[in-house]
Protein chains: 2
Amino acid sequence: MTPPKNGKSKMERTTAADVARAAGVSISAVSRAFTPNASIAKQTKSRVMQAATALGYQPNPLARGLITRRSGMIALLMSEVTNPFYPAVLETFARALSSRGKRIMLFTPGEDEPLEALLPQALGYGVEGVVITSARPTAEMTAACESAPVPVVLFNRTVEGAAISAVGCDNEAGGRKIADFLVESGRKRPAFVAGLAGASTSLYRERGFTAGLTAAGLPTPPRHVGDFTFEGGLRAAEELLDLKEQPDAIFAANDIMALGVLDGLRRVGGLRVPEDVWVVGFDDIAAAAWPSFSLTTFRQPIKRMVAETLRILESSDDGAPVPPSTVLVPGRLIERNSTAG
Amino acid sequence: MTPPKNGKSKMERTTAADVARAAGVSISAVSRAFTPNASIAKQTKSRVMQAATALGYQPNPLARGLITRRSGMIALLMSEVTNPFYPAVLETFARALSSRGKRIMLFTPGEDEPLEALLPQALGYGVEGVVITSARPTAEMTAACESAPVPVVLFNRTVEGAAISAVGCDNEAGGRKIADFLVESGRKRPAFVAGLAGASTSLYRERGFTAGLTAAGLPTPPRHVGDFTFEGGLRAAEELLDLKEQPDAIFAANDIMALGVLDGLRRVGGLRVPEDVWVVGFDDIAAAAWPSFSLTTFRQPIKRMVAETLRILESSDDGAPVPPSTVLVPGRLIERNSTAG
DNA sequence: TGTCGGTTTGCATAGGTTTGCGCAAATTGG
DNA sequence: CCAATTTGCGCAAACCTATGCAAACCGACA
């Protein structure tokens with residue numbers, strides 16, 4: 001209802017020149033006033049700031065980004081948002097970045113859009129860093145990551161032999177820990193439900209798991225693929241029920257599958273958890289703590305993982321990529337009722 | 001491993017000038033080649049395009065946005081990402097926009113950052129449109145929305161008396177539909193679990209619900225606040241169990257609360273659903289269909305809601321805001337086992 | 001008072017694109 | 001074959017800010 005304070009049409013932004021005129025200084029003075037630790041007198045800075053707030057001015061990120069090649073944006077390449085683990089990651093990133101004045105640009109592959117095409121696009125926007133999550137990078141992709149002009153971090157993924165930074169939880173140790181836990185609790189016939197074929201997370205968790213079982217003299221566990229989805233977990237449960245030797249414990253590479261397994265065992269198979277079968281997941285999503293499930297799981301410390309990711313992204317102060325480093329944050333087994341008794 | 005094809009350092013982008021030189025044309029020809037229906041000969045366009053792909057050129061969105069004020073980005077203001085309904089919305093938006101070559105900029109309020117501060121920031125980035133979801137706009141906010149230079153759409157929210165476009169599901173009709181369903185099924189003592197105080201969605205759903213009950217001669221239902229969270233639903237269930245007259249049906253203003261209610265009734269109260277109490281939710285999130293819950297709920301047609309939102313955003317071809325329109329998409333009651341029998 | 005070291009400030013340019021304008025070329029109609 | 005249009009293309013301005021460089025300024029010390 002109220003017209004804008006200044007005389008200009010509401011269509012045009014107030015520019016640095018307007019502020020400069022109002023404050024009686026040059027444009028560069030305005031620019032310096034908004035640049036942290038730039039060479040400017042305290043007095044002029046305050047005069048500029050005063051004029052700026054009066055006019056409602058704030059620097060145009062696009063024009064600024066055109067020069068500095070820093071647009072104040074971090075690209076997040078994320079292909080699956082349905083698994084509740086990733087919204088939690090997204091939110092953690094969003095909050096952490098928001099408090100630093102940075103913004104998230106979300107890149108999700110469209111219908112027939114390959115993931116590789118997204119990275120150049122993101123770089124074109126002058127993002128200050130790229131976080132790639134939940135994707136199996138192709139060879140082409142890793143090459144693109146290595147030659148990117150800004151830091152790139154794989155979140156919750158690793159690529160062996162590639163010079164790319166990666167942050168994740170120690171999946172192998174997690175799988176091992178779960179195997180040890182089951183063995184110590186006297187479980188004899190554990191089974192495994194894998195995620196998407198080729199996903200490094202599933203792979204490492206399985207590796208640690210089988211290693212732990214083997215060390216205890218147990219055979220390699222029977223194995224089904226659940227594609228990291230609830231429905232996949234349901235199907236896996238049904239298939240595992242058909243085995244001659246029914247498993248007495250099931251470790252699913254991911255919580256959402258574990259919940260599917262648990263539900264399948266109970267509702268379709270008519271089994272009781274934990275009395276008949278134990279179920280263990282990985283991630284510790286919110287639903288794992290719901291009374292209906294009370295799922296024992298390996299908690300991924302999202303906050304620390306995000307913090308480490310940002311630390312890597314920000315470790316180069318001139319914006320250039322940094323020597324690749326891999327950070328494995330330790331997780332923790334959360335025991336709940338799906339393994340009690 | 002392989003060095004970049006062109007001789008330039010990998011640090012510098014290939015610019016329009018490079019392409020122009022390679023194609024033997026002027027810079028403007030390159031620009032026109034990338035501008036839809038610009039005045040350019042077919043032949044030169046193809047020559048430009050050929051050179052462009054050879055050099056791996058694509059227009060710099062920042063520089064382009066600086067002039068056109070169209071950066072190819074849509075701002076999404078979203079405060080709570082934990083309720084699974086919103087990730088689903090986010091993903092639908094991401095996919096729809098991705099296939100149109102647009103990108104999402106996610107704005108989430110930081111620790112102590114007010115939501116109002118986010119809108120000017122978003123506009124500063126030259127976004128082509130703003131979608132605000134899951135927020136109760138303040139008076140100040142609505143004023144800012146009304147005078148924004150680009151279309152702004154409230155998603156799943158409405159503000160009465162404000163000149164802002166809004167897209168949502170017909171919450172009142174949904175509440176009414178649920179009331180009718182419960183009444184027709186012979187329920188006598190329905191209760192209601194509200195969301196956050198002041199949220200328009202919860203308000204309208206309650207209004208339709210109580211209207212339906214009143215029309216059937218039933219009293220205004222007992223009411224508890226669940227804050228739109230699972231834990232809130234748990235608490236609401238406990239409180240409703242303490243009532244003198246235990247309800248025989250509970251309608252929660254959103255699925256995640258309904259699941260909390262359901263779990264609370266079963267695990268804490270020792271009741272059976274649906275034998276002892278019916279439970280109905282609103283949204284139809286993925287977990288509602290899980291066998292453990294099998295929650296009857298009112299499905300919000302996310303895809304259509306998103307499509308309508310984008311239609312409004314794109315309805316102005318010169319980028320200016322459009323006369324506000326409110327679109328209410330009809331939803332549908334999905335009957336599952338939480339109300340069977 | 002002159003000079004010197006350090007801090008501020010302004011000028012001018014860069015950054016990559018879009019677009020109005022003018023001119024040349026091609027097309028059309030008579 | 002010529003005039004009237006249409007079409008195609010290059011030049012240069014514009015968008016808005018950051019920053020190197022040099023000038024101006026300040027206080028202080030000899």
Side-chain angles (χ1 to χ4, degrees), chain A residues 8-9 11-48 51-52 55-72 120-121 123-126 128 149 318-319, chain B residues 8-9 11-49 51-52 55-73 123-126 128 149 318-319:
Chain A
K8 316 188 68 168
S9 153
M11 298 301 300
E12 4 185 338
R13 282 171 55 81
T14 58
T15 152
D18 300 329
V19 178
R21 212 175 307 123
V25 295
S26 78
I27 298 181
S28 17
V30 178
S31 170
R32 279 186 250 270
F34 280 90
T35 306
N37 52 38
S39 170
I40 188 171
K42 233 178 176 180
Q43 184 193 349
T44 41
K45 176 167 183 174
S46 75
R47 220 176 46 232
V48 168
L55 294 174
Y57 167 81
Q58 51 184 30
N60 185 329
L62 265 55
R64 164 177 282 181
L66 195 56
I67 302 180
T68 60
R69 302 202 162 276
R70 307 271 202 116
S71 55
Q121 277 195 35
L123 296 177
Y125 272 100
E128 298 179 11
D318 63 338
Chain B
K8 315 189 68 166
S9 153
M11 299 298 301
E12 0 184 342
R13 282 172 55 79
T14 57
T15 151
D18 300 329
V19 177
R21 209 174 311 120
V25 295
S26 80
I27 298 181
S28 22
V30 177
S31 170
R32 279 187 250 270
F34 281 90
T35 307
N37 53 38
S39 170
I40 188 171
K42 233 179 176 178
Q43 183 192 349
T44 41
K45 177 166 183 174
S46 75
R47 217 171 56 227
V48 168
M49 284 310 193
L55 294 174
Y57 166 81
Q58 51 183 29
N60 185 329
L62 264 56
R64 165 178 281 180
L66 194 56
I67 301 181
T68 59
R69 302 201 162 279
R70 306 270 202 117
S71 55
M73 300 188 293
L123 295 177
Y125 273 99
E128 299 180 10
D318 64 339

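The chains referred to below are lettered A, B, ... by the order of the sequence lines, with proteins before strands, and numbering in each begins at 1.
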### Message
Please determine whether side-chain contact (heavy atoms from CB on, under 4.5 Å) holds for the pair A:Thr44 and A:Arg47, giving the CA-CA distance in whole Å, both sets of side-chain angles, and the decisive distance to 0.1 Å.
### Response
CA-CA 5 Å; A:Thr44 41; A:Arg47 220 176 46 232; 4.3 Å; yes
#### Entry: Sugar-phosphate, base or nothing in reach of A:Leu66, heavy atoms under 4.0 Å
base
### Task
Answer yes or no: is there a side-chain heavy-atom contact under 4.5 Å between A:Ser46 and A:Lys42?
no
### Task
Establish, with yes or no, whether the OP1 or OP2 oxygen of C:dC11 is under 4.0 angstrom from a side-chain nitrogen or oxygen of A:Ser26.
no
#### Entry: Side-chain donor/acceptor contact of B:Arg32 with base of D:dG10 under 3.5 Å
yes
### Message
Nearest whole Å is fine: how far is C:dA12 C1' from A:Ile67 CD1?
### Response
13 Å
### Task
Tell me which nucleotide among D:dT19, C:dT9, D:dT7 gets nearest to the side chain of A:Thr68.
D:dT19
### Task
Keeping the roles fixed (side chain from B:Ser71, backbone from B:Gly126), state whether a donor-acceptor pair exists under 3.5 Å.
yes
### Message
Within the 4.0 Å heavy-atom criterion, would you say A:Val30 contacts the bases, only the backbone, or no part of the nucleic acid?
### Response
nothing
### Query
Nearest-Å distance, NZ (B:Lys42) to C1' (C:dA26)?
17 Å
### Message
With a 4.0 Å cutoff (strictly under), does any side-chain N or O of B:Tyr125 reach OP1 or OP2 of D:dC16?
### Response
no
### Query
Separation of B:Ile27 atom CD1 from D:dA14 atom P, in whole Å?
17 Å
### Query
B:Leu123 has an atom CG; how far is it from atom P of D:dC16, in whole Å?
15 Å
### Check: A:Thr14 and A:Val19 side chains under 4.5 Å, non-hydrogen atoms
no
### Task
Scan A:Ser31 against the nucleic acid and name what it touches under 4.0 Å (heavy atoms): base, sugar-phosphate only, or nothing.
base
### Query
Is the shortest side-chain N/O distance from B:Thr44 to OP1 or OP2 of D:dC9 below 4.0 Å?
yes
### Task
Would you mind telling me which of C:dG16, D:dT17, D:dT19 lies closest to the side-chain atoms of A:Thr35?
D:dT19
### Atom pair CG (B:Asn60) and CZ (A:Arg69), whose distance is rounded to the nearest 0.5 Å
7.0 Å
### Message
Side chain of A:Ser28, heavy atoms from C-beta onward: which of C:dT19, D:dC9, D:dT19 has the nearest atom to it?
### Response
D:dT19
#### Entry: Under-4.0 Å side-chain N/O to phosphate OP1/OP2 contact, A:Thr15 with D:dC15
no
### Query
Looking at D:dC16, D:dC9, C:dT17, which one has an atom nearest to any side-chain atom of B:Ile40?
D:dC9
### Message
Nearest to the A:Val25 side chain among C:dG10, D:dG8, D:dT19, which nucleotide is it?
### Response
C:dG10
### Query
Got a donor-acceptor contact below 3.5 angstrom from the A:Arg70 side chain to the A:Glu128 backbone?
no
### Message
Reading DNA chain D from 5' onward, which residue's closest nucleotide shows up sooner: B:Ala63 or B:Gly24?
### Response
B:Gly24
### Task
Kindly indicate whether the side chain of A:Arg69 and the base of C:dG16 share any N or O donor-acceptor pair separated by less than 3.5 Å?
no
### Query
Between atom CZ in A:Phe34 and atom C1' in D:dC16, what is the gap in whole Å?
14 Å
### Query
What is the distance from CZ of A:Arg64 to C1' of C:dG16, rounded to the nearest Å?
18 Å
## Note on the structure
From CD of A:Gln43 across to P of D:dC25 the rounded distance in Å is 15 Å
